[in-house]
Amino acid sequence: MQAHAYDAMHDMQENHWWWRGMRRLYRYALRRYHPVQHTPLRLVDVGCGFGANLCVLNPLGEVVGVDVSLEALQAIQPRPTLGLVQAEADALPFRAGSFNVIALLAVIEHVDQDNRVLTESYRVARSDAVQILLTSAFMFLWSHHDVANNHRRRYRAGQLDRQQHAAGWQVVVTSYVNAAIFPAVATVRMIQRRAEPNDVSEYDMGPNLGPFNRVLEGALAVEAWLITHWRLPMPFGVDVFSVARRVDHQEKGEQ
């Protein structure tokens, strides 16, 4: 991620509707799907950045935040049940079967070998562990925002499912997210692509204005409820969200 993008993300991750709405989605998913037989849980937030999502994970147990940026890790407020590790997402310094919950939130689109990240997350997962994953949707939405974030690609839901299956994960639910704003975002991105040079770089999360902020957060809350409680996937969206579980071969045979 480019330096100006890091600064912009740090400034808005507390109150911007996208960040607040996504944290609600993660809470709903973990409340419904986390492995209840293992308490307290051991959780890892791979690519935790400045720690925007640690408040979702901390109430569930002991958390380890992992990021390649030492600057980001140093900005995170210490907590008694929080460990911080500087490492690459595709080379996690943990023993196999270390965690009950693995969070890969806006991570795999940043790395060259996304399959290795998914394989690593599976390796450090305990039996019956849950993975929650968020990434960017549809290559035709590619813009200056992706350039600023050093994204390598954007995904389709089916593509993401196939890659998780290949790594060993059993997908529980995969859905596009932010369907309500998708038509507007698609239109704006197509106009921008025609008007801008290919190398323009700008961190761009859209408007963050009082009433508008609350409307967009509310729309995302409705989608989060439909996806996690009814397993009703959105047919399109700006992002892709997935919940997957590690089910070992012996358990599969017993079912």
Side-chain angles (χ1 to χ4, degrees), residues 17-39 41 43-47 53 55-57 59-61 99-109 114-115 117-118 121-122 125-138 141 154-183 185-186 215-249 251-255:
W17 66 268
W18 187 91
W19 290 93
R20 291 169 60 90
M22 286 301 177
R23 284 193 287 267
R24 179 181 280 105
L25 172 61
Y26 307 150
R27 286 191 184 95
Y28 285 173
L30 289 172
R31 192 178 303 156
R32 184 166 180 83
Y33 296 116
H34 80 264
V36 292
Q37 66 269 36
H38 301 289
T39 53
L41 302 176
L43 309 92
V44 61
D45 187 359
V46 181
N53 300 313
C55 61
V56 177
L57 304 177
L60 297 175
F99 298 100
N100 306 105
V101 175
I102 296 91
L104 289 174
L105 306 174
V107 174
I108 62 171
E109 65 272 22
D114 52 356
N115 59 318
V117 176
L118 293 169
S121 70
Y122 186 82
R126 293 177 176 174
S127 178
D128 200 38
V130 168
Q131 175 178 269
I132 58 171
L133 187 156
L134 181 81
T135 189
S136 304
F138 296 117
L141 294 180
R154 301 176 72 97
Y155 293 80
R156 290 181 178 268
Q159 173 191 2
L160 186 60
D161 282 351
R162 288 190 295 273
Q163 289 187 242
Q164 290 186 95
H165 281 303
W169 290 102
Q170 184 178 88
V171 175
V172 177
V173 60
T174 297
S175 174
Y176 293 108
V177 188
N178 275 313
I181 66 169
F182 178 80
V185 171
V215 168
L216 292 177
E217 186 181 344
L220 186 48
V222 172
E223 292 183 24
W225 180 266
L226 294 174
I227 292 165
T228 57
H229 289 74
W230 293 93
R231 294 194 190 182
L232 181 63
M234 302 294 105
F236 47 77
V238 179
D239 307 286
V240 191
F241 178 72
S242 185
V243 178
R245 191 180 299 278
R246 173 166 180 159
V247 180
D248 293 337
H249 294 297
E251 293 176 85
K252 290 179 181 179
E254 292 173 352
Q255 290 177 354

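Every heavy atom of this structure was used, including side-chain atoms; hydrogens, water molecules and symmetry mates were not.
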Under 3.5 Å: donor-acceptor pair, side chain of Arg245, backbone of Tyr33: yes

Test: Asp128 and Arg126 ion pair at under 4.0 Å: no

Residue pair Leu141, Ser136: steps toward the side chain to side chain contact (heavy atoms under 4.5 Å, CB included) verdict: CA-CA 9 Å; Leu141 294 180; Ser136 304; over 6 Å; no

Tyr176 and Phe138 aromatic ring geometry - parallel, tilted or perpendicular at 30°/60° bounds: parallel

Heavy-atom check, side chain of Tyr155 versus side chain of Gln163, under 4.5 Å: yes

Thr135 (side chain) donor-acceptor with Val240 (main chain) under 3.5 angstrom: no

Heavy-atom pair with the smallest gap, counting every atom of Ala129 and Phe99: CB-O, 3.5 Å

Within-4.5 Å side-chain heavy-atom neighbours: Leu216 and Arg20: no

Any side-chain heavy-atom pair of Asn100 and Val130 under 4.5 Å: no

4.5 Å side-chain heavy-atom contact, Phe241 and Ile132: yes

Qualifying residue, where the test is side chain to side chain donor-acceptor pair (under 3.5 Å) with Ser121 and the options are Gln131, Arg246, Gln164: Gln131

Residue pair Val107 / Val46: nearest heavy atoms and the distance that separates them: CG2-O, 2.9 Å

Side-chain donor/acceptor of Glu223 to backbone N/O of Ala179, under 3.5 Å: yes

Residue pair Tyr28 / Ile227, side-chain heavy-atom distance below 4.5 Å: no

Euclidean distance, Leu60 CG relative to Arg27 CZ, rounded to 0.5 Å: 10.0 Å

Val238 backbone acceptor or donor facing Arg154 side chain under 3.5 Å: yes

Sub-4.5 Å side-chain heavy-atom contact between Leu43 and His34: no

